[in-house]
Amino acid sequence: MKVRYVLIGILIGMAMINLTGKAWPKDKEVTLLNVSYDPTRELYVDYNKVFTQYWKEKTGETVVINQSHAGSGKQARSVIEGLDADVVTLALAYDIDAIAEKSGLLPIQWQERLPDNSSPYTSIIVFLVRQGNPKNIKDWDDLARSGISVVTPNPKTSGGARWNYLAAWGYALRKWNNDELKAKDFVRAVFKNVPVLDSGARASTTTFVERGIGDVLISWENEAYLAVKDLGPERFEIVVPSVSILAEPPVAVVDRVADQHGTRKLAEEYLNFLYTPQGQEIVAKHYYRPRLKSVAQKYAAQFPPIKLFTVDEVFGGWQKAQKTHFADQGIFDQISPL
Amino acid sequence: MSTRTEPAWIRRALIGIALSFLALFILLPLTVVFMNALNKGIAIYLKSLSDPAALAAIRLTLLTALIAVPFNLIFGVAASWAIAKFDFRLKNLLITLIDLPLSVSPVISGLIFVLLFGAQGALGPWLRAHGIKVIFALPAIILTTIFVTFPMVARELIPVMKAFGNEEEEAAMTLGANGFQTFWRVTLPNIKWGLLYGVILCNARAMGEFGAVSVVSGHIRGQTNTLPLHIEILYNEYNFTAAFAAASLLAMLALVTLILKSIIEFKYRAELAAAGKFVIKMENHV
């Protein structure tokens, strides 16, 4: 029967492709896996090119850096479950804390190992509105107005969304002299205006810019700049509120994985290089606020000065903020209209 | 045709509705995919498909299908053979279990493997201690794909095998054929179209699976991104042309699958009809 020959042929063909195919990773290359969050895709594509070159010149070694991107919380979960990250570059310290706590892959005091709370770059939370700002959105108060549609991701899954939420909360505390009840009402009013909670920052940006939903997107500054640059300055405008939160996305070597792979030195250098003038320049080009004064001055026009507060100042650190606001039955669950 | 009782306008209206539904829900989206893929010209289209990350995704998808499909082919034939030709205890349980992957959400299918092989999972610590990588690597992607495509071949074959009954095999056995000869020369020729049909469906699902694979993949660019995952990433990077170019590959796969499927369905119907005739012939002989 002809079919039998066809079947045998298919099987042989499969075996051949398997033998000759290059789908299996090569053993000899030095590879490093950077597990990161959503909006850093473009930053690390660029950074990896420069770093690979730098490392080659310094040591003669060819290194291949692999990237993985998704919502920050989801990525932390994956590393805990065994995603072999040599370094993690996530959206907030709490997610790396979770890795340290639940898997023991790196020490609990990881954040003290690098300068500036292990955050080589910072960002702030801003608003992205449609061209001409038709709804006249100027500050946080406008987000709670009735008839305004606000887009932000879900704080349960997205790191960026937690920064957004805390920024609104911090603004309200400042406005009503630390009156928690007033702040709660204010944030409740803002979230009442949210028609859809996506799972990650990038998904929310897509909802706002591509699907055309919402009057304002609460967003990382870098993410807002990227959307304006990629999708047209004639379509969107960035609005900087009167006060915002200083978002510090941290980086860390995952000790046990790096040691197992024998990549610790490489991983450490990979993160340290972010703090050098060259690294800071790449960071600034991708609209993250650099830590280094000289680079910050060069890009001053891009980053308007603004009154900022930190999580430590207003919320007593991420552990506390997480427990109070985002844990099960926390404040977010109480005010969430869903 | 005497069975037609509806007036002409009803017939035309029904056909019209069916065709416009098809155009709206299938042709239009397909056209949009190809238009978006080609809107910056064929050169950009080809360039975005030959990007190293895209090539790696295509390779991984093919490799996954190349391993998962033969596996399920062997399993499907064995299971349907056992179910259709023999009686044993717990047969109904086996049938139910084969159907399980179809009734479970793909996300759950992926999570099963995370819970099993993840670092915090049942087998995770042992695997880690022995330096075996399963989760967030090729083995998990293949296992998950096998899991979700598990029922495809078996489900197609069970009714075909049942329709043919045991008579031909019994005849072969009494004439002295051994088990393998019986299978190779009697059973396989009978079920060939059903088998191919199952393989094609299985392959289409293996290449197109998103949810379950997304859970276990780890999304490492150029390494553990299958084609559907790669499309999502490109879309999220505002790289719409490249995303639609990759999507057009999957759309083409779907089209080829559909064409093959209709050819085989045609042959397959003839085969089932032949099976029916065969039974009648036997009865006449008796």
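Lettering follows sequence order; numbering is per chain, from 1. If you're wondering where the values come from, they're calculated on a predicted model, not measured in any experiment.
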Point to revise | Structural part of B:Leu62 lying under 4.5 Å from a heavy atom of chain A | key: neither

Review point. Looking only at atom types and distance, does a side-chain atom of A:Arg162 sit under 3.5 Å from a main-chain N or O of A:Pro155, one as donor and one as acceptor?
Key: yes

Practice item. With chain B as the partner chain, list the residues of residues 66-86 of chain A whose heavy atoms fall under 4.5 Å from it, by residue number, and write 'none' if nothing qualifies. Key: A:Asn66, A:Gln67, A:Ser68, A:His69, A:Lys74, A:Ser78, A:Ile80, A:Glu81, A:Gly82, A:Leu83, A:Asp84

**Study point:** Contacting region of A:Leu105 [heavy-atom separation from chain B under 4.5 Å]
**Key:** side chain

Exercise for review: Could you check A:Tyr37, A:Phe127, A:Tyr287 and say which one makes a ring-ring contact (aromatic ring centres under 6.0 Å, His included) with A:Trp220?
Suggested key: A:Tyr37

Point to revise | With B:Glu156 via salt bridge (Lys or Arg N to Asp or Glu O under 4.0 Å) - residues at least two apart | key: none

Point to revise | All salt bridge (Lys or Arg N to Asp or Glu O under 4.0 Å) counterparts of A:Asp46, not counting sequence neighbours | key: none

**Study point:** Under 3.5 Å: donor-acceptor pair, side chain of A:Thr205, backbone of A:Ala201
**Key:** yes

**Study point:** Residue pairs passing the ring-ring contact (aromatic ring centres under 6.0 Å, His included) test where at least one lies in residues 210-230 of chain B, sequence neighbours excluded
**Key:** none

Check your understanding: Would you say B:Gln181's side chain and B:Asn178's backbone share a donor-acceptor pair under 3.5 angstrom?
Key -> yes

